[in-house]
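These notes are about the structure you will find just below.
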Amino acid sequence: MNKKGLLIVVSGPSGAGKGTICKEVLSRRNDIFVSTSATTREPRDGEVHGVNYFFVSREEFEKKIEEEAFIEYAEVYTNLYGTPKDTVLEKLNKGENILLEIDIQGALQVKKRYPEGVFIFILPPSMEELKNRIIGRGSETPESLERRFSSAFEEIEFVNQYDYYIINDQVKKASDLMEAIIDAERCKVIEDIEDIVKMFKEEG
Ligand code: ADP
Ligand code: 5GP
């Protein structure tokens, strides 16, 4: 039986805890693979090329757009980010579950092309807590903090385009919920159920 992998798309405002929850879920399971995006943003301290992102110049990124190398791409907070098409589709076809942590514009592009994906939106417990988390992460300049925070008010309106939402008040609870969603989606009755029924019938 050749079951396709699940495409898991996770979005939410900056600071909601997407990275933290995805990291926790990935550390618990060996059946989910993360896709490494390309970006024109500068690496932060400790970020590694090919692990956190493929850090590329704007020229290189634009060349890849022309070559249609991305499933989706978007300009987020003045930098370009994109998901490589070939690696993701190859893995899904091999039955591997792939997780994309991408912004809302990108997620909506993926939804058009790949509606069978599962789309999860991470919310903070409050906007005040969101701001505290972005400040606490210490990764932003005052301008980029303000930009990320004010964008968050517009971004949360898009939650209704997603299949699921998770309020990240506690990392463990939020990660448990993400695992539960993924497990439920893997059990959904879709076309592969015909193969399972056939398998049982052949036994009889
Ligand atoms: P995002 O990937 O959505 O931008 P991060 O995962 O980087 O967000 O989280 C932003 C900050 O909030 C980080 O410093 C992280 O450690 C912290 N954080 C994430 N989840 C929680 C939580 N449930 N409670 C408290 N702090 C959290
Ligand atoms: P950061 O700069 O904090 O790593 O990421 C900024 C935003 O870009 C986050 O919302 C993150 O989810 C999003 N992002 C990361 N990779 C991609 C991608 O490949 N495509 C899109 N559309 N967004 C991405």
Side-chain angles (χ1 to χ4, degrees), residues 7-27 34-56 60-61 64-65 69-89 98-114 117 119-141 143-145 147-152 154-156 158-159 161-162 165-178:
L7 183 62
I8 306 151
V9 180
V10 178
S11 315
S14 179
K18 301 177 296 291
T20 306
I21 298 169
C22 291
K23 204 168 149 208
E24 171 64 21
V25 170
L26 290 164
S27 76
V34 74
S35 160
T36 306
S37 299
T39 183
T40 59
R41 143 163 109 55
E42 289 296 315
R44 294 182 186 133
D45 277 353
E47 284 186 330
V48 177
H49 180 78
V51 177
N52 304 89
Y53 284 104
F54 294 106
F55 296 100
V56 298
E60 285 172 281
F61 197 102
K64 284 182 188 294
I65 296 175
F70 297 121
I71 291 192
E72 64 72 34
Y73 68 91
E75 181 133 16
V76 190
Y77 318 124
T78 74
N79 288 303
L80 290 163
Y81 295 81
T83 305
K85 185 162 68 184
D86 289 355
T87 41
V88 169
L89 296 182
I98 305 289
L99 188 145
L100 308 182
E101 192 214 308
I102 60 175
D103 94 306
I104 295 160
Q105 310 165 69
L108 297 181
Q109 291 174 44
V110 176
K111 200 175 171 195
K112 271 198 196 144
R113 286 191 174 186
Y114 209 91
F119 295 82
I120 305 175
F121 199 93
I122 309 293
L123 287 165
S126 68
M127 294 309 272
E128 194 190 351
E129 174 63 12
L130 182 76
K131 193 166 203 173
N132 290 339
R133 285 186 190 171
I134 310 177
I135 295 170
R137 188 169 62 187
S139 55
E140 309 309 319
T141 61
E143 298 76 46
S144 100
L145 165 70
R147 192 164 50 233
R148 283 171 188 246
F149 187 62
S150 56
S151 301
E154 290 153 34
E155 287 167 353
I156 53 173
F158 283 90
V159 65
Q161 309 272 325
Y162 285 70
Y165 71 92
I166 295 174
I167 296 180
N168 173 25
D169 47 2
Q170 291 163 32
V171 175
K172 182 186 176 303
K173 205 168 100 193
S175 309
D176 290 348
L177 279 172
M178 191 184 293

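All residue numbers in this chain count up from 1 along the given sequence. Because only heavy atoms are used, hydrogens play no part in the values below, and waters and symmetry mates are left out as well, while side chains stay in. Both ligands and their constituent atoms are indexed starting at 1 by order of listing.
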Residue [X] vicinity, atoms of ligand 1 by number, heavy atom under 4.0 Å:
X	value
Val171	20 (N), 21 (C), 22 (C), 23 (N)
Pro13	3 (O)
Ser14	4 (O)

Answer yes when [X] and [Y] have at least one side-chain N-carboxylate O distance shorter than 4.0 Å, and no when they do not.
X	Y	value
Glu60	Lys64	no
Glu140	Arg44	yes
Glu72	Lys112	no

For this session: Examine the proximity of ligand 1 to Ala174 and report which part, side chain or backbone, both or neither, has a heavy atom under 4.0 Å away.
Result: neither
Seminar exercise, completed: Under 4.0 Å between heavy atoms, the region of Asp169 that gets near ligand 1 turns out to be backbone
For this session: May I ask you to check whether Gly15 has an N/O atom sitting below 3.5 Å from an N/O atom of ligand 1?
Result: yes
Exercise. Is there a side-chain contact between Thr39 and Val56 (heavy atoms, below 4.5 Å)?
Worked result: no
Exercise. Which protein residues have a heavy atom under 4.0 Å from ligand 2?
Worked result: Lys18, Ser37, Arg41, Arg44, Tyr53, Glu72, Ala74, Val76, Tyr81, Gly82, Thr83, Glu101, Ile102, Asp103, Gly106, Arg148
For this session: Mark yes when over 12 heavy atoms from residues, nucleotides or ligands other than Tyr73 sit less than 6.0 Å from its OH; otherwise mark no.
Result: no
Problem set entry | Atom OH of Tyr165: over 12 foreign heavy atoms under 6.0 Å | no
For this session: Check the pair Ser151, Arg148 against side-chain contact (heavy atoms from CB on, under 4.5 Å), reporting the backbone distance first and the verdict last.
Result: CA-CA 5 Å; Ser151 301; Arg148 283 171 188 246; 5.8 Å; no
Considering heavy atoms of the protein only, find what lies nearest to [atom] and give residue, atom and distance to 0.1 Å.
atom	result
atom 7 (O) of ligand 1	Arg137 NH1, 2.9 Å
atom 2 (O) of ligand 1	Gly19 N, 2.9 Å
atom 8 (O) of ligand 1	Gly17 N, 3.2 Å
atom 19 (C) of ligand 1	Thr20 OG1, 3.4 Å
atom 20 (N) of ligand 1	Asn168 ND2, 3.0 Å

Problem set entry | All side-chain hydrogen bond (donor to acceptor under 3.5 Å, both in side chains) counterparts of Lys23, not counting sequence neighbours | none
Exercise. Is Cys22 near ligand 1, meaning one of its heavy atoms is under 4.0 Å from it?
Worked result: no
Exercise. Does Gly12 reach ligand 1, in the sense of a heavy atom lying below 4.0 Å from it?
Worked result: no
Problem set entry | Tyr81/Phe61 aromatic ring centres below 6.0 Å | no
For this session: I would like to know whether Arg133 and Thr20 meet side chain to side chain donor-acceptor pair (under 3.5 Å); could you show each step before the answer?
Result: CA-CA 11 Å; Arg133 285 186 190 171; Thr20 306; over 6 Å; no
Seminar exercise, completed: Candidates Gln170, Lys18, Arg133; heavy atom nearest atom 22 (C) of ligand 1 found on Arg133
Problem set entry | Donor + acceptor pair across side chains of Ser11, Tyr162 (<3.5 Å) | yes
Exercise. Do the side chain of Glu155 and the main chain of Ile104 share a donor and acceptor less than 3.5 angstrom apart?
Worked result: no
For this session: Using modelled atom types only, decide if a donor and an acceptor are shared between the side chain of His49 and the backbone of Phe54 within a distance under 3.5 Å.
Result: no
